[in-house]
K.L.:
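Can you read through this structure? Questions will come right after.
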Amino acid sequence: MTRIHPDYMKNALDAGKAGDFDGYNENIAKGLEYWTKVFRESIGHMSPIEAPLIITALKEMADAYTEALPGSKESVDWIRSRVERKVVVIHIRHE
């Protein structure tokens with residue numbers, strides 16, 4: 001089964017080109033929320049002992065995408081410099 005994901009970045013860029021900066025910001029925010037939810041649901045609850053492996057895997061995946069997609073690092077840096085950080089609460093079992 002192929003999962004179809006929304007085109008938040010494409011929609012944001014289209015809105016920005018049209019001068020609709022509220023639409024741009026809305027799509028960036030919705031996209032970040034969507035992908036955060038996808039990853040959190042996929043990972044689920046984690047044992048503290050597994051956290052370093054999960055963090056390393058996510059960072060390695062991000063680095064691979066950044067290297068494979070020209071211009072993505074600059075786009076990521078630009079988005080991260082303008083997005084208000086949200087505190088993500090993850091419940092970790094203490095064993």
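Position 1 is the first residue of the sequence; numbering continues from there. It should be emphasised that the depicted structure is a prediction, and the values quoted were computed from it without experimental measurement. No hydrogens, no waters, no symmetry mates; every other heavy atom, side chains included, goes into these values.
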K.L.:
Please report the closest heavy-atom contact between Ser72 and Tyr65, naming both atoms and the distance.
P.N.:
OG-O, 3.8 Å
K.L.:
Evaluate the salt bridge (Lys or Arg N to Asp or Glu O under 4.0 Å) criterion for residues Asp77 and Lys73: first the C-alpha distance (whole Å), next the side-chain angles of each, then the deciding distance (0.1 Å), finally the verdict.
P.N.:
CA-CA 6 Å; Asp77 291 344; Lys73 181 184 181 331; 2.8 Å; yes
K.L.:
Transitively linked via ILVMFWY side-chain contacts under 4.5 Å: Phe21 with Met9?
P.N.:
no
K.L.:
Which pair of heavy atoms, one from Ala15 and one from Gly23, lies closest together, and at what distance?
P.N.:
CB-C, 3.8 Å
K.L.:
Look at the aromatic rings of Trp35 and His5 and report parallel, tilted or perpendicular, splitting at 30° and 60°.
P.N.:
tilted
K.L.:
Can you tell whether the side chains of Lys10 and Asp14 come within less than 4.0 Å, N to carboxylate O?
P.N.:
yes
K.L.:
In terms of hydrophobic clusters joined by side-chain contacts under 4.5 Å, are Phe39 and Ile54 together?
P.N.:
yes
K.L.:
Rounded to the nearest 0.5 Å, how far apart are CG of Asn27 and OH of Tyr34?
P.N.:
13.5 Å
K.L.:
With rounding to the nearest 0.5 Å, note down the distance linking CD1 in Ile43 to CD in Glu50.
P.N.:
11.5 Å
K.L.:
Kindly compute the distance separating OG1 (Thr66) from CE (Met61), expressed to the nearest 0.5 Å.
P.N.:
10.5 Å
K.L.:
To the nearest 0.5 angstrom, please state how far the CG atom of Leu13 sits from the OH atom of Tyr24.
P.N.:
6.0 Å
K.L.:
Closer than 4.0 angstrom, basic N to acidic O: yes or no for Lys37 and Glu33?
P.N.:
no
K.L.:
Flag yes if Leu58 and Val38 sit in one hydrophobic cluster, no otherwise; membership is Ile, Leu, Val, Met, Phe, Trp, Tyr, and two members link when side-chain heavy atoms are under 4.5 Å apart.
P.N.:
yes
K.L.:
Please round to the nearest 0.5 Å and tell me the distance separating atom CZ of Arg80 and atom CG of Leu32.
P.N.:
10.0 Å
